[in-house]
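Remarks on the structure that follows.
Below, read A as the first sequence line, B as the second, and so on, with proteins coming before strands; counting in each chain starts at 1.
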Number of protein chains: 2
Amino acid sequence: MLTVMPTAQPVTAVETTSDIPEVASVLRTSVMRMRRRLANERHPDNDLSLGSMAVLGALYANDEMTLGALAARERVQPPSMTRMVNFLEEGGYVVRRPGETDRRQVLVSITDKGRRTVRKDRLSRDAWLAQQLVDLDADELAAIRTAASIMERIATS
Amino acid sequence: MLTVMPTAQPVTAVETTSDIPEVASVLRTSVMRMRRRLANERHPDNDLSLGSMAVLGALYANDEMTLGALAARERVQPPSMTRMVNFLEEGGYVVRRPGETDRRQVLVSITDKGRRTVRKDRLSRDAWLAQQLVDLDADELAAIRTAASIMERIATS
DNA sequence: ATAACTGCTTACCGTCGCTAACTATTCCCG
DNA sequence: CGGGAATAGTTAGCGACGGTAAGCAGTTAT
């Protein structure tokens, strides 16, 4: 007995191969649209942008990081990270201090306010996306997981 | 007979359900990074941005559309679409003309130059992404396809 | 005929990313 | 030790991309 087959008829590997350009195109547009939607879905009472939240999340995990490490992690140039950290510092979410051994460095650490924000935000910000995923079946969820890891790898290559 | 199970050990539906927040988070960051990468990968000799290309692609499929229809299709506010169309018109990729029955409308249609650009660009712009996908096996490709269609649906919901 | 609505445009603003050029510190080598 | 090279961040300025508010012109309804 066939369970629900997501969308496609079973295709052979050969046919699939010739579809690569099409998959590339489809993936590209869906990624673009998805990120636009995600950017819009932030909670209104939260003034932190997606980028800022990602930084704050990194600091939530590792209490203190250099600005350079943050930039590398987010795959962003140092000036972009400087701006984000400025913004976060003004809001009281993080604090800066000069590096101890190397005073050129800037050590960024998260404040209690930042920590609280991350916890609250993890709940509310991903809530919308999680809600969209809740109706998916196990196969679809697995596909998303696989695709996400491939995208991560491609984006980082 | 079980075909290849992408990456994960067989998980029950119950376990999978509890992973939803994590999948949401992973998906979100990979989408953000992926789109950043895609934006950077455009071919240097092509002065059209990703958004403009999407519009041109829509016009390639349906010869003539109103500006409003284009905005709706790209899930963008009318002013944003006005700007893109201005840009495309200046470059000679599209032409504007007033609507016939309703002269408030603006009908946008693609020129030969626009058509040529789409064809050339489809080849060259997605080439990079396609190259990244070429080493994937059939299951992974299927996962991408499924994920893309889900993302499309979510983004459009 | 006029009021309300609609489709697009204009003006302005914010985010996010980049490069180039600068400062301050550290490292290395003669 | 001293001085140039390298490194970590910052500042300044730009471009792409998105939004809202307000205005204008054409259409519809009363």
Side-chain angles (χ1 to χ4, degrees), chain A residues 29 31-42 44 46-56 64-91 94-108 155, chain B residues 28-29 31-44 46-56 64-91 94-108 155:
Chain A
T29 72
V31 164
M32 303 307 275
R33 288 213 233 270
M34 188 70 183
R35 104 98 211 191
R36 200 142 62 208
R37 193 71 153 88
L38 283 171
N40 286 346
E41 264 326 307
R42 68 168 135 198
N46 186 350
D47 56 343
L48 269 57
S49 71
L50 291 168
S52 302
M53 268 311 302
V55 172
L56 213 50
E64 188 162 59
M65 298 175 73
T66 67
L67 193 144
L70 282 170
R73 176 177 169 130
E74 296 303 314
R75 321 247 157 219
V76 150
Q77 295 302 310
S80 302
M81 187 50 65
T82 291
R83 194 190 303 132
M84 286 191 211
V85 170
N86 284 344
F87 182 77
L88 287 170
E89 193 178 30
E90 281 161 23
V94 305
V95 291
R96 253 194 185 85
R97 66 187 181 90
E100 284 159 0
T101 69
D102 183 341
R103 290 212 309 272
R104 289 170 306 180
Q105 294 184 329
V106 165
L107 297 175
V108 186
Chain B
R28 181 163 57 76
T29 73
V31 165
M32 303 305 278
R33 289 211 231 271
M34 188 72 182
R35 110 94 211 194
R36 199 144 65 208
R37 192 71 153 89
L38 283 171
N40 285 345
E41 268 322 311
R42 69 168 137 199
H43 214 266
N46 185 351
D47 56 345
L48 268 58
S49 71
L50 292 167
S52 302
M53 269 311 302
V55 171
L56 213 49
E64 188 161 61
M65 299 175 72
T66 67
L67 193 143
L70 281 170
R73 176 178 167 128
E74 296 303 314
R75 319 250 154 217
V76 150
Q77 294 302 310
S80 301
M81 186 51 64
T82 291
R83 196 185 305 126
M84 286 190 212
V85 171
N86 284 344
F87 182 77
L88 287 169
E89 194 178 29
E90 282 162 22
V94 304
V95 291
R96 253 193 186 85
R97 65 187 181 90
E100 283 159 1
T101 69
D102 182 343
R103 289 212 309 270
R104 291 169 304 178
Q105 294 186 329
V106 165
L107 297 174
V108 186

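- For the pair A:M84 CE and C:dG14 C1', the computed distance is 14 Å after rounding to whole Å.
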Inset, instruction - Apply side-chain contact (heavy atoms from CB on, under 4.5 Å) to B:R36 and A:R35, showing your working. - result: CA-CA 10 Å; B:R36 199 144 65 208; A:R35 104 98 211 191; over 6 Å; no
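- Atom CD in A:Q105 sits roughly 15 Å away from atom C1' in D:dT10 (whole-Å rounding).
- Across all their heavy atoms, A:E100 and A:R103 have their closest contact at O-CG, 4.2 Å.
- Note: CE (B:M53) to C1' (D:dA16) measures 16 Å, nearest angstrom.
- Comparing D:dT10, C:dT9, D:dC17 against the side chain of B:V106 picks out C:dT9 as the nearest.
- Taking 4.0 angstrom as the limit, A:T82 places a side-chain polar atom (N or O) nearer than this to OP1 or OP2 of D:dT10.
- In terms of heavy-atom proximity, B:R37 sits nearest to A:A155 at NE-O, 3.1 Å.
- In terms of position on DNA chain D, the residue among B:S52 and A:L107 whose nearest nucleotide sits closer to the 5' end is A:L107.
- Using a 4.0 Å heavy-atom criterion, one finds that B:R35 contacts no nucleic acid atom at all.
- To the nearest angstrom, P of C:dT9 lies 13 Å from CG of B:L88.
- B:V94 pairs with exactly one of B:L70, B:V55, B:L56 by the side-chain contact (heavy atoms from CB on, under 4.5 Å) rule, that one being B:L56.
- Distance, B:N86 CG to C:dA11 P: 11 Å, rounded to whole Å.
- Residues A:R73 and B:R33 share a closest heavy-atom pair of O-NH1, 3.2 Å.
- Atom P of nucleotide C:dT9 and atom CG of B:L70 are separated by 11 Å, given to the nearest angstrom.
- For the pair B:L38 CG and D:dC17 P, the interatomic distance rounds to 13 Å; values are reported in whole Å.
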Distances for protein N/O vs nucleotides 19-21 of chain D N/O pairs under 3.5 angstrom?
from: D:dG19; atom 1: OP2; to: B:Q77; atom 2: N; distance (Å): 3.1
from: D:dG19; atom 1: OP2; to: B:S80; atom 2: OG; distance (Å): 3.0
from: D:dG19; atom 1: O6; to: B:R83; atom 2: NH2; distance (Å): 2.7

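- Of the candidates C:dC8, D:dT10, C:dT15, the closest approach to any side-chain atom of B:L67 belongs to C:dC8.
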Nucleotides 24-28 of chain D: which of its N/O atoms have a protein N/O under 3.5 Å away?
from: D:dG26; atom 1: N2; to: B:R104; atom 2: NH1; distance (Å): 2.9
from: D:dT27; atom 1: OP1; to: B:T101; atom 2: O; distance (Å): 3.4
from: D:dT27; atom 1: OP1; to: B:R103; atom 2: N; distance (Å): 2.9

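- A:M81 comes within 4.0 angstrom of no nucleic acid atom, judged by non-hydrogen atoms across all strands.
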Legend entry - CA sep, side-chain torsions, deciding dist, call: A:T29, A:M32, side-chain contact (heavy atoms from CB on, under 4.5 Å): CA-CA 5 Å; A:T29 72; A:M32 303 307 275; 5.6 Å; no
Exercise answer: donor-acceptor pairs, residues 84-91 of chain B side-chain atoms, under 3.5 Å, sequence neighbours excluded:
from: B:N86; atom 1: OD1; to: B:R96; atom 2: NH1; distance (Å): 3.2
from: B:N86; atom 1: OD1; to: B:R96; atom 2: NH2; distance (Å): 2.9
from: B:N86; atom 1: ND2; to: B:T82; atom 2: O; distance (Å): 3.4
from: B:E89; atom 1: OE1; to: B:R96; atom 2: NH1; distance (Å): 2.7
from: B:E89; atom 1: OE2; to: B:R96; atom 2: N; distance (Å): 3.4

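- When each of B:V108, B:L67, B:V106 is tested with B:M81 by the rule side-chain contact (heavy atoms from CB on, under 4.5 Å), just one qualifies, namely B:L67.
- Side-chain nitrogen and oxygen atoms of A:S49 include at least one within less than 4.0 Å of the OP1 or OP2 phosphate oxygen of C:dC16.
- One can place CE of B:M34 at 16 Å from P of C:dG17, the figure rounded to the nearest angstrom.
- Side-chain nitrogen and oxygen atoms of B:T66 include none within less than 4.0 Å of the OP1 or OP2 phosphate oxygen of C:dG7.
- Mapping A:P78 and B:A69 onto DNA chain C via the closest heavy atom, the residue that lands nearer the 5' end is B:A69.
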